[in-house]
**Q** 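Dropping a structure here in structure tokens format, bear with me for questions.
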Amino acid sequence: MSQHVHTPNQARIQAGNRSSDHPDLLAIGAGVFGLWAARHALKRGERVLVIEKRHVGAGASGGFLGALMPHMPDRWNTKKQMQYEGLRSLERAVAELEADTGADCGYRRCGRLMPLRHENMLHHLAERIAGARENWVDEEGKQAFTLEHIPQAELAHRFALPDGKPWLSPEIAPFGAAYDTLSARVNPRAYLAALAQFVRSHDSGAIAEGAGVTAIDPAAASASLADGSTISAGRIVIANGWEAYDLLSDVGAHVGGQKVTGRGVKGQAVLLDLPHSDNLPILYDSGSYIVPHGTTMGADEEGVANCVAVGSTSVDDWLPESEGEEALEVARIGFDVADIGFFEHACALCPTIASATVMERWANVRPRNTIPDPRSGKIGTEPVFGPIEGHGRVSVAVGGLKISFGIAHLPH
Ligand SMILES: Cc1cc2nc3c(=O)[nH]c(=O)nc-3n(C[C@H](O)[C@H](O)[C@H](O)COP(=O)(O)OP(=O)(O)OC[C@H]3O[C@@H](n4cnc5c(N)ncnc54)[C@H](O)[C@@H]3O)c2cc1C
């Protein structure tokens with residue numbers, strides 16, 4: 001994806017004396033969170049070093065799903081508001097990144113279609129449609145995005161593939177479908193590459209790849225690396241995905257009054273060669289996503305968009321029994337051909353995908369915070385943002401379920 005820097009010393013050489021010696025910001029992890037932290041700091045005029053154990057996009061951010069999907073707009077709360085602001089502002093944030101780098105991140109507000117498989121889903125939808133009217137609003141309070149009910153009989157002609165076959169099978173949607181205009185998609189690899197390009201090409205930015213942080217000292221705002229060296233910084237952002245929990249538990253980190261705990265959850269995805277029009281919505285149901293990427297990810301000889309990503313993230317018991325880094329790496333990114341329940345479900349959503357050619361299989365592990373809600377005790381799915389208590393120079397930015405790409409650009 002990019003030029004690799006294998007040790008911090010090489011990073012210093014590459015970056016000259018610009019940013020690697022006592023940077024203002026040290027971002028740990030070159031996924032979507034670490035790279036956004038770097039971009040914000042560079043925009044503020046700071047010197048930034050991103051330190052990455054493997055390479056840019058080696059983690060959960062380096063796949064091809066890129067669904068940007070809102071929570072439901074009923075039962076509104078501050079977390080839904082934060083995610084809404086993220087999804088609303090991302091379009092402009094991506095446009096600015098594209099203007100800075102000349103990249104095309106494959107962003108499009110394509111909407112989302114979700115089948116209503118049971119009557120009670122239809123009843124819930126009425127509340128949700130009202131919630132969208134109230135909460136998906138612009139600065140003047142006017143509704144900016146809609147949620148509507150598409151009756152079963154209309155599905156096939158409103159959302160069809162070029163051969164006329166339905167995009168969402170009416171058979172799986174006996175009560176029709178919910179269609180929102182807020183959801184969007186981005187090409188994760190192009191997006192990550194643009195962020196990395198911005199950091200690398202900036203006079204005050206550098207990315208050191210192949211350099212893992214083994215421990216942090218929050219009091220000193222310093223990080224120890226696998227090669228025995230130490231980097232101290234003005235501030236540190238811990239953004240190394242699911243592997244952050246180990247670094248954080250070693251120092252007993254609390255954020256917002258809660259001890260930060262979590263685990264890695266594995267997901268799998270396939271990229272299909274399936275001609276489609278550029279304006280089809282994402283299909284989503286029961287944890288399976290189908291993301292039509294339009295022409296920005298790829299097109300066939302006739303110029304028709306043909307990259308459709310299908311995936312889900314739900315495998316909890318993926319950690320290998322045997323010890324060692326190698327076994328861990330195999331388990332982390334090995335695609336398990338026996339675990340394709342998500343694909344079978346996706347075929348029920350859109351039967352045409354069953355016969356599409358698979359262009360790529362991909363697996364990776366995303367962070368899953370397990371911090372109980374202080375009031376209800378319920379384990380949430382939210383991201384963790386904020387300074388480590390007692391150590392204002394060290395903060396955490398670790399993603400949450402389904403919504404990471406929609407909020408990673410928010411200042412944190
Ligand atoms: C199959 C799949 C599909 C998904 N689909 C979507 C989707 O459609 N929409 C969405 O919003 N989210 C989706 N997600 C979730 C999303 O990808 C993640 O939540 C998000 O990418 C997390 O970003 P991150 O920057 O926190 O972590 P990562 O992208 O995992 O980045 C962390 C980086 O830190 C590096 N690192 C680890 N340890 C160290 C260390 N000690 N020192 C230095 N570097 C280190 C890693 O190599 C990695 O590059 C999906 C996840 C998977 C697995």
Side-chain angles (χ1 to χ4, degrees), residues 1 8 26-38 49-70 83 86-87 90 112 183-188 191-192 195-196 207-216 223-226 231 236-248 250 262 264-271 282 284 287-291 293 309-315 318 325 328-329 332-333 335 342 361-369 381 383-385 396-408 412:
M1 176 176 254
L26 177 69
I28 303 174
V32 69
F33 281 91
L35 291 172
W36 263 108
L49 175 63
V50 180
I51 197 111
E52 164 56 51
K53 178 173 170 179
R54 302 176 182 93
H55 57 85
V56 172
S61 308
F64 40 69
L65 264 132
L68 306 165
M69 306 196 302
Q83 193 213 12
L87 289 172
L90 183 59
R112 170 184 54 176
S183 296
R185 46 111 168 127
V186 71
N187 175 342
Y191 181 37
L192 226 61
L195 285 166
I207 302 176
E209 296 175 289
V213 170
T214 51
I216 46 164
S224 307
L225 306 186
I231 299 182
I236 295 182
V237 172
I238 299 171
N240 57 325
W242 66 280
E243 287 162 288
Y245 304 118
D246 278 350
L247 285 183
L248 292 164
D250 287 350
V265 174
K266 189 168 172 180
Q268 305 221 109
V270 293
L271 187 63
I282 294 167
Y284 179 74
S288 287
Y289 323 32
I290 306 180
V291 185
H293 273 287
V310 179
S312 76
T313 58
S314 55
V315 184
W318 62 275
E325 274 294 311
L328 189 66
E329 277 306 275
R332 186 179 75 86
I333 55 171
F335 189 95
F342 72 92
R361 293 176 176 80
W362 179 78
N364 217 296
V365 174
R366 67 168 168 85
R368 168 45 160 126
N369 301 313
T381 54
V384 182
F385 283 137
V396 180
V398 174
L401 179 68
K402 283 193 296 207
I403 66 166
S404 296
F405 272 88
I407 55 165
H412 46 259

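Given the structure is predicted, the values throughout are model-derived calculations rather than measurements. Numbering of ligands and ligand atoms starts at 1, following listing order.
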**Q** Could you tell me which atoms of ligand 1, counted from 1 in the order shown, lie closer than 4.0 angstrom to a heavy atom of Ile28?
**A**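 Near Ile28, the atoms of ligand 1 are 42 (N), 43 (C).
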**Q** Using a 4.0 Å heavy-atom threshold (strictly under), name the region of Ala239 that reaches ligand 1: side chain, backbone, both or neither.
**A** backbone
**Q** Under a 4.0 angstrom heavy-atom cut-off, which atoms of ligand 1 come close to Thr313?
**A** 1 (C), 2 (C), 3 (C), 4 (C), 50 (C), 51 (C), 52 (C), 53 (C)
**Q** Give, for atom CD1 of Ile407 and atom CH2 of Trp36, the distance between the pair rounded to the nearest 0.5 Å.
**A**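 One gets 13.0 Å once the value is rounded to the nearest 0.5 Å.
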**Q** Out of Ser404, Ala309, Gly406, who gets a non-hydrogen atom closest to atom 20 (C) of ligand 1?
**A**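 Ranked by closest heavy atom to atom 20 (C) of ligand 1, first place is Ser404.
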**Q** Which of the numbered atoms in ligand 1 are below 4.0 angstrom from a heavy atom of Tyr289?
**A** 7 (C), 8 (O)
**Q** At the 4.0 Å heavy-atom cut-off, does Gly212 count as touching ligand 1?
**A** yes
**Q** In terms of atom number and element, which parts of ligand 1 are under 4.0 angstrom from non-hydrogen atoms of Ala67?
**A** 7 (C), 8 (O), 9 (N), 10 (C), 11 (O)
**Q** Where's the contact between Ile403 and ligand 1, heavy-atom distance under 4.0 Å: side chain, backbone, both or neither?
**A** backbone
**Q** Can you figure out which of Pro367, Ala58, Ala60 has its heavy atom closest to atom 28 (P) of ligand 1?
**A** Ala60
**Q** Give the atom numbers and elements of ligand 1 that come within less than 4.0 Å of a heavy atom of Asn364.
**A**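 Listed by number with element, the hits are 53 (C).
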**Q** Strictly under 4.0 Å, does any heavy atom of Trp362 approach an atom of ligand 1?
**A**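 In this structure, Trp362 qualifies as a contact of ligand 1 - some heavy atom is under 4.0 Å.
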**Q** Tell me whether ligand 1 is touched by Gly63 - counting only heavy atoms on the residue side and a distance under 4.0 Å.
**A** no
**Q** Okay, side chain of Gln83, backbone of Met69: is any donor-acceptor separation there less than 3.5 Å?
**A** yes
**Q** What atoms of ligand 1 come within less than 4.0 Å of a heavy atom belonging to Gly31?
**A**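 Near Gly31, the atoms of ligand 1 are 25 (O), 29 (O), 31 (O).
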**Q** Among Val32, Leu65, Val213, Val50, which residue places a heavy atom closest to atom 42 (N) of ligand 1?
**A**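 Going through Val32, Leu65, Val213, Val50 one by one, Val213 has the nearest heavy atom to atom 42 (N) of ligand 1.
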**Q** I would like to know whether Trp362 and Leu271 meet side chain to side chain contact (heavy atoms under 4.5 Å, CB included); could you show each step before the answer?
**A** CA-CA 8 Å; Trp362 179 78; Leu271 187 63; over 6 Å; no
**Q** Salt bridge or not for Arg54 and Glu243, using N-O below 4.0 Å?
**A** yes
**Q** Any side-chain heavy atom of Val56 within less than 4.5 Å of one from Leu35?
**A** yes
**Q** Which atoms from ligand 1 have a heavy atom of Ile51 less than 4.0 Å away?
**A** 43 (C), 44 (N)
